[in-house]
Trainee: 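Quick one: this structure, given as structure tokens, is what I'll be asking you about.
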2 protein chains.
Amino acid sequence: MAVTLADVAARARVSAATVSRVLSGNYPVAESTRARVLRAVDELEYVVNGPASALAAATSDLVGVLVNDIADPFFGIIAGAVQSEMGAVAESGRHGEKLAVVCNTGGSPERELNYLTLLQRQRAAAVVLTGGAVEHPDHMAAVAAKASRLAASGTRVVLCGRPPIEDAVTLAFDNRGGARRLTEHLLTLGHRRIGYVAGPAERTTTRDRLDGHRAALAAAGLGEAADRLTVHGLYDRSSGYDATLELLRRDDALTAIVAANDTIALGVCAALRDQGLRIPDDVSVAGFDDLPFSADAVPALTTVRLPLHEAGARAGRLALGREPQPPGGVAMVRSELMARASTAPPRRAG
Amino acid sequence: MAVTLADVAARARVSAATVSRVLSGNYPVAESTRARVLRAVDELEYVVNGPASALAAATSDLVGVLVNDIADPFFGIIAGAVQSEMGAVAESGRHGEKLAVVCNTGGSPERELNYLTLLQRQRAAAVVLTGGAVEHPDHMAAVAAKASRLAASGTRVVLCGRPPIEDAVTLAFDNRGGARRLTEHLLTLGHRRIGYVAGPAERTTTRDRLDGHRAALAAAGLGEAADRLTVHGLYDRSSGYDATLELLRRDDALTAIVAANDTIALGVCAALRDQGLRIPDDVSVAGFDDLPFSADAVPALTTVRLPLHEAGARAGRLALGREPQPPGGVAMVRSELMARASTAPPRRAG
DNA sequence: CTGTTAGCGCGTTCAC
DNA sequence: GTGAACGCGCTAACAG
């Protein structure tokens with residue numbers, strides 16, 4: 001049915017081996033025959049059979065990127081950056097670069113494991129796991145085991161935005177430090193009653209950011225109130241909205257609310273407005289990630305910037321082995337406080 | 001190195017063929033041997049070799065989903081819905097369902113073609129093309145040709161949100177009708193000076209929505225001003241911001257602005273606010289798509305709802321051949337006007 | 001119901 | 001520089 005290497009070989013009047021050599025490019029071939037082969041490839045519109053090639057060579061050109069939520073720009077930006085490093089050039093049936101594919105786990109441990117198996121089955125060249133990990137001991141062990149088997153079979157495993165595990169290179173995000181600096185910023189402005197809208201309890205990202213927040217409060221002697229003014233939800237807008245109403249019920253004299261990410265912060269802002277509270281006059285609001293929309297929200301959102309694109313791109317290069325591994329296999333991605341208009345000194349009566 | 005079918009067969013004391021039959025499941029096998037095989041699979045932690053399997057069976061379990069911008073929730077929602085239909089169950093080394101992978105073209109025709117080639121090389125089971133297509137004649141012909149070759153080699157081609165082509169099943173979005181009803185809504189409210197922020201000129205989505213807008217204006221005898229009050233940009237927030245400033249320069253007595261999508265509309269709102277204009281008191285604003293954030297924006301955004309999740313899920317089922325093709329291979333996805341707080345009768349002095 | 005026999009299309013030794 | 005031959009791991013006929 002489909003045109004094969006043999007067809008090309010026949011048309012170019014050479015052996016299949018020669019065609020293979022021309023296409024893979026890593027072997028000396030006479031310029032004249034090389035041209036003949038390429039012409040035949042074009043004329044026949046030949047496209048390499050990936051599975052056959054992968055079987056023979058024992059490696060495929062697939063790179064999997066796992067994300068927790070494909071509809072969240074946080075992951076979209078990272079995934080897009082990873083893909084941009086693959087430079088998929090596939091001219092003239094020639095072996096192009098890798099095929100980066102993103103898989104949406106929806107934050108479910110089972111689906112994460114399933115995708116890992118699926119990718120292992122495909123003999124993927126590399127796998128990039130992005131975003132916070134679920135902390136259930138069983139699941140962590142299962143992921144670590146999978147990673148080891150993948151690594152053992154030649155698949156590079158790269159972590160981007162989650163804690164290190166064995167047999168994987170990791171780009172860890174400075175969630176804790178960023179969160180701490182953010183809350184310190186609010187404390188410096190004079191806030192003392194600060195609410196916190198956290199993400200799902202079992203995610204590493206959630207825990208790290210919350211830890212940073214608590215550390216800042218504890219250092220200011222405010223450790224007590226932290227728990228009472230912390231509400232958990234999902235990493236989405238409506239969770240921020242609902243959590244804000246809850247926080248206001250617990251303490252209607254709050255002067256600031258910190259959200260675990262920018263998307264939640266948007267929900268927080270909406271809820272505050274609906275309650276007739278002005279930002280930042282009545283309540284200051286802060287987020288995390290510095291997604292594109294944060295800078296021109298109204299008011300512009302104070303947040304912690306994470307260089308998502310750069311991190312994703314680096315993860316991509318690491319996945320391709322085009323960049324040396326960081327010492328110890330772990331590199332920390334720095335975060336940066338972006339103080340903007342949504343935070344100001346408290347003016348509200350206590 | 002890796003454990004193979006033969007290893008499992010040896011351990012279970014059956015032939016390789018039997019193991020294969022157990023794993024693919026579509027063949028009668030005695031319950032006792034079946035159990036023995038599955039136990040061996042577990043003990044050996046066997047994972048099928050995808051490439052080998054694809055080679056022998058001449059089909060792979062890969063399904064490609066092409067999107068224009070992976071960081072845009074519009075595509076994230078569709079892609080997530082497609083993947084949710086795949087139900088990736090990969091227990092016990094058993095052949096799970098398909099592996100849906102999303103590829104980010106960034107809206108570039110070259111990358112779109114490259115990904116199509118890459119997927120063809122992998123002998124993908126199906127390919128889903130989402131979102132507006134680029135209208136350059138050469139590119140359209142190239143995509144149509146690729147689609148034909150894919151279809152010819154057994155790959156199902158599904159279009160979701162773009163105009164039909166031969167050899168593909170398509171789920172077309174009612175962009176034109178929705179846009180028309182949206183502008184009619186504004187006209188009914190009494191608006192006469194309506195600005196329009198369009199997307200990139202060469203996209204089908206852009207054209208269809210703009211056509212609908214113009215049709216509504218023309219029907220109201222307002223066809224003349226349409227061109228002067230239309231500005232093109234990208235499908236992002238900053239384009240909406242910049243375009244709004246430009247529209248205000250062209251006519252500072254505008255009473256409404258229609259954006260080609262919700263994301264642009266957010267930028268429009270930001271720009272209007274920065275100009276000291278209130279929404280909808282001074283200027284009404286409308287978007288398109290009804291992304292999750294639109295309902296609780298401030299004010300809630302009037303827009304046109306497209307059932308993205310449903311459409312994506314259906315595209316997924318079509319890709320798997322689990323749903324009968326619509327008559328003629330084309331189904332229209334209806335859009336629905338969502339009139340909310342961002343639009344109101346004009347009050348501003350002309 | 002199960003084992004045997006052939007390939008699937010390509011990469012990679014070897015010789016020439 | 002090029003061709004011939006073998007095998008990657010699996011599925012799909014056939015037998016039995």
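Side-chain atoms are counted along with the backbone in the values below, which use heavy atoms only and exclude waters and symmetry mates. Every chain is numbered from 1, with letters handed out A, B, ... down the list of sequences.
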Trainee: Taking atom types as modelled and ignoring hydrogens, do the side chains of A:E110 and A:H139 form a donor-acceptor contact shorter than 3.5 angstrom?
Mentor: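 There is no such pair between these side chains.
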Trainee: Identify the residue among A:L159, A:I78, A:L318, A:T130 that makes a side chain to side chain contact (heavy atoms under 4.5 Å, CB included) with A:L171.
Mentor: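 Among the candidates, only A:L318 passes.
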Trainee: Is the shortest distance from a Lys or Arg side-chain nitrogen in A:E43 or A:R39 to a carboxylate oxygen in the other one below 4.0 Å?
Mentor: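 Yes, A:E43 and A:R39 are salt-bridged.
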Trainee: Between B:R36 and B:T33, does the side-chain contact (heavy atoms from CB on, under 4.5 Å) criterion hold? Intermediate values first, please.
Mentor: CA-CA 5 Å; B:R36 242 188 14 267; B:T33 62; 3.9 Å; yes
Trainee: Yes or no on side-chain contact (heavy atoms from CB on, under 4.5 Å) for A:L5 and A:S20, after CA distance, side-chain angles and deciding distance?
Mentor: CA-CA 7 Å; A:L5 239 206; A:S20 172; 4.1 Å; yes
Trainee: Under a 4.0 Å threshold between the charged nitrogen and the carboxylate oxygen, would A:E166 count as salt-bridged to A:R149?
Mentor: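 Salt bridge between A:R149 and A:E166, a charged N being under 4.0 Å from a carboxylate O: no.
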Trainee: Within this structure, what is the CG-to-C1' distance between A:L23 and C:dC10, rounded to whole angstrom?
Mentor: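 Whole-Å distance recorded here is 11 Å.
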Trainee: Output the rounded distance in Å from CZ (B:R36) to C1' (C:dC1).
Mentor: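 Nearest whole value for this atom pair: 13 Å.
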Trainee: Both A:A16 and B:R13 contact DNA chain C. Which one's nearest nucleotide lies toward the 5' end?
Mentor: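 Residue closer to the 5' terminus by nearest nucleotide: B:R13.
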Trainee: Determine whether B:R123 and A:N49 make a side-chain contact, defined as any pair of heavy atoms from C-beta on separated by less than 4.5 Å.
Mentor: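 Yes, at least one pair of side-chain atoms sits under 4.5 Å.
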Trainee: How long is the line joining CZ of A:R21 and C1' of C:dG11, in whole Å?
Mentor: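 Rounded to whole Å, this separation is 10 Å.
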Trainee: Base, sugar-phosphate, or nothing: which does A:A58 touch, judged by heavy atoms less than 4.0 Å apart?
Mentor: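 No contact at all - A:A58 keeps every heavy atom at 4.0 Å or more from the nucleic acid.
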Trainee: Sequence neighbours excluded, which residues qualify as side-chain hydrogen bond (donor to acceptor under 3.5 Å, both in side chains) partners of B:T170?
Mentor: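 With sequence neighbours excluded, B:T170 shows a side-chain hydrogen bond (donor to acceptor under 3.5 Å, both in side chains) to no residue whatsoever.
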Trainee: Tell me: CZ of B:R121 to P of C:dC10, nearest whole Å?
Mentor: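 Distance, rounded to whole Å: 11 Å.
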Trainee: Mind calculating the distance between OH (B:Y27) and C1' (D:dT11) to the nearest angstrom?
Mentor: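 Distance, rounded to whole Å: 11 Å.
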Trainee: OP1 or OP2 of C:dT2 less than 4.0 angstrom from a side-chain nitrogen or oxygen of B:T18, does that happen here?
Mentor: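 B:T18 to C:dT2 OP1/OP2: no side-chain N or O under 4.0 Å.
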Trainee: Ignoring hydrogens and angles, tell me if any N or O in the side chain of A:Q120 forms a donor-acceptor pair with the backbone of A:L150 under 3.5 Å.
Mentor: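 Not confirmed, A:Q120 side chain does not pair with A:L150 backbone.
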Trainee: Using whole Å, report how far CG of B:D7 lies from P of D:dG9.
Mentor: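 After rounding, the reported distance stands at 9 Å.
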Trainee: Applying a 4.0 Å non-hydrogen cut-off, can you work out what A:V19 is touching in the nucleic acid: base, sugar-phosphate, or nothing?
Mentor: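 Nothing, no heavy atom under 4.0 Å.
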Trainee: Between protein and nucleotides 6-8 of chain C, what N or O pairs are separated by less than 3.5 Å?
Mentor:
| from | atom 1 | to | atom 2 | distance (Å) |
| --- | --- | --- | --- | --- |
| C:dC8 | O2 | B:A56 | N | 3.4 |

Trainee: Please give, in whole Å, the distance from C:dG11 C1' to A:D61 CG?
Mentor: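 The answer, rounded to whole Å, is 14 Å.
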Trainee: State which of D:dA4, D:dG1, C:dG11 makes the closest approach to the side chain of A:S53.
Mentor: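 Given the options D:dA4, D:dG1, C:dG11, the side chain of A:S53 is closest to C:dG11.
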Trainee: Pick out which of A:N68, A:V102, A:T105 makes a side chain to side chain contact (heavy atoms under 4.5 Å, CB included) with A:F75.
Mentor: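 Considering A:N68, A:V102, A:T105, a side chain to side chain contact (heavy atoms under 4.5 Å, CB included) with A:F75 is found only for A:N68.
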Trainee: If you check the A:A17 side chain, which of C:dT2, D:dA4, D:dG1 turns out closest?
Mentor: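 Of the candidates, D:dA4 comes closest.
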Trainee: So what is the end-to-end bend of the helix from C:dC1-D:dG16 to C:dC16-D:dG1, with 5 pairs used at each end and the value given to 10 degrees?
Mentor: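 That helix has its two terminal axes inclined by roughly 30°.
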Trainee: Measuring to OP1 and OP2 of C:dC1, would you say a side-chain N or O of B:T33 lies under 4.0 angstrom away?
Mentor: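 No, outside the criterion.
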Trainee: Could you give the CZ-to-P distance, from A:R34 to D:dG1, as a whole number of Å?
Mentor: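 Nearest whole value for this atom pair: 13 Å.
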